[in-house]
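The structure appears right after this line, and notes come after that.
First the proteins, then the strands, lettered A, B, ... as listed; each starts at 1. The figures here come from the full heavy-atom set of this structure, side chains too, leaving out hydrogens, waters and symmetry mates.
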Amino acid sequence: AQTVTQSQPEMSVQEAETVTLSCTYDTSESDYYLFWYKQPPSRQMILVIRQEAYKQQNATENRFSVNFQKAAKSFSLKISDSQLGDAAMYFCAYRIVGAGSYQLTFGKGTKLSVIP
Amino acid sequence: GAVVSQHPSWVICKSGTSVKIECRSLDFQATTMFWYRQFPKQSLMLMATSNEGSKATYEQGVEKDKFLINHASLTLSTLTVTSAHPEDSSFYICSAQDRAETQYFGPGTRLLVL
């Protein structure tokens with residue numbers, strides 16, 4: 001069974017600084033997707049970034065980037081120039097590649113606070 | 001793009017009544033939708049997977065007769081909580097999966113059963 005581990009229940013960052021959220025996963029599959037979702041106080045889950053395991057290049061979306069280390073099964077999220085609106089729960093998630101109803105496996109989340 | 005709506009956002013009902021929650025993909029077709037439940041300060045717990053035109057697949061421990069799911073079209077899935085009780089009070093979230101196999105989430109429904 002696949003598992004996703006987020007070892008940092010809470011983190012904080014100063015506004016405008018950079019923070020990295022950790023995520024490790026366990027799988028025997030060779031092809032899969034990894035995601036970071038953000039859940040602000042409104043509780044709306046928002047897709048932050050997506051990585052396909054077969055791609056060696058790390059995904060980036062504006063101030064958000066990942067460090068994907070396939071051999072180490074590590075998928076960390078780096079937030080640059082942190083803003084107050086980045087304060088939220090961040091969930092790392094994994095999914096097997098393939099058409100159909102493969103479910104997401106979520107980590108337990110990391111609560112990020114941004115200090116003005 | 002990739003917007004998912006959920007209605008209602010808030011519902012309060014009496015014990016014993018049924019509540020229907022709608023999940024719609026607004027700008028894409030979704031053959032697969034998912035229903036989650038989230039307890040305070042916890043991650044999402046998958047309840048069931050809904051495929052258009054077929055029966056939903058329920059996770060272990062989820063009562064299919066209590067949580068009725070219908071996926072009648074490529075843009076709409078509904079979750080009906082039948083004979084709701086206070087222990088069913090929770091935050092329910094749906095998601096819709098696009099062709100790129102990415103799930104996009106609705107804004108959630110807060111259910112309070114009195």
Side-chain angles (χ1 to χ4, degrees), chain A residues 1-11 21 23 25 29 31-55 59 61 66 87-113, chain B residues 1-7 9-10 23 25 28-60 62 69 71 77 90-111:
Chain A
Q2 294 83 19
T3 59
V4 177
T5 302
Q6 293 178 249
S7 59
Q8 306 150 317
E10 295 188 26
M11 291 196 71
L21 308 184
C23 174
Y25 58 94
E29 302 290 331
D31 206 7
Y32 46 88
Y33 302 109
L34 294 164
F35 304 88
W36 279 98
Y37 285 92
K38 166 186 176 181
Q39 189 178 38
S42 68
R43 302 186 78 175
Q44 164 82 64
M45 291 282 284
I46 301 166
L47 176 66
V48 175
I49 205 162
R50 159 190 155 125
Q51 175 81 41
E52 292 150 338
Y54 73 88
K55 290 186 177 179
E61 285 289 342
V66 297
M89 281 290 289
Y90 285 81
F91 293 99
C92 179
Y94 161 100
R95 182 193 184 280
I96 299 172
V97 167
S101 55
Y102 292 117
Q103 62 180 270
L104 284 172
T105 300
F106 285 97
K108 291 188 175 182
T110 296
K111 182 179 180 181
L112 177 67
S113 301
Chain B
V3 178
V4 177
S5 70
Q6 200 171 327
H7 179 81
S9 56
W10 251 114
C23 179
S25 56
F28 66 100
Q29 293 184 330
T31 54
T32 305
M33 291 184 172
F34 301 84
W35 287 95
Y36 297 85
R37 185 171 178 176
Q38 187 179 32
F39 295 100
K41 298 185 179 181
Q42 292 189 23
S43 188
L44 279 67
M45 181 186 78
L46 181 65
M47 298 175 64
T49 302
S50 168
N51 290 299
E52 188 265 338
S54 64
K55 290 184 178 180
T57 303
Y58 291 81
E59 294 301 301
Q60 192 172 8
V62 178
I69 291 171
H71 193 156
S77 176
S90 193
F91 187 66
Y92 293 88
I93 310 176
C94 73
S95 71
Q97 181 173 275
D98 69 1
R99 291 181 183 275
E101 301 174 347
T102 296
Q103 287 188 35
Y104 295 91
F105 288 81
T109 297
R110 290 171 176 78
L111 170 64

request  = Tell me, for Arg99(B) versus chain A, whether the close heavy atoms (under 4.5 Å) come from the side chain, the backbone, both or neither.
outcome  = neither
ask   = Side chains of Ile93(B) and Gln44(A): closer than 4.5 Å at any heavy-atom pair?
value = no
note = Distance col, row Leu44(B):CG vs Phe91(A):CZ, nearest 0.5 angstrom, shows 6.0 Å
ask   = Taking non-hydrogen atoms and a cut-off under 4.5 angstrom, which of residues 104-113 of chain A neighbour chain B?
value = Leu104(A), Phe106(A), Gly107(A), Lys108(A)
request  = Answer with side chain, backbone, both or neither: which region of Gln42(B) has an atom nearer than 4.5 Å to a non-hydrogen atom of chain A?
outcome  = backbone
request  = Verify the distance criterion only: is there a donor paired with an acceptor across the side chains of Gln38(B) and Gln39(A) at less than 3.5 Å?
outcome  = yes
message = So for Arg43(A), is it side chain, backbone, both, or neither that comes closer than 4.5 Å to the heavy atoms of chain B?
response = both
key: Under 3.5 Å: donor-acceptor pair, side chain of Glu101(B), backbone of Tyr33(A)   = no
ask   = How long is the gap from OG1 on Thr102(B) to OH on Tyr37(A), to the nearest 0.5 Å?
value = 6.0 Å
task = State, with a plain yes or no, whether a side-chain heavy atom of Gln97(B) is found less than 4.5 Å away from one of Gln103(A).
result = no
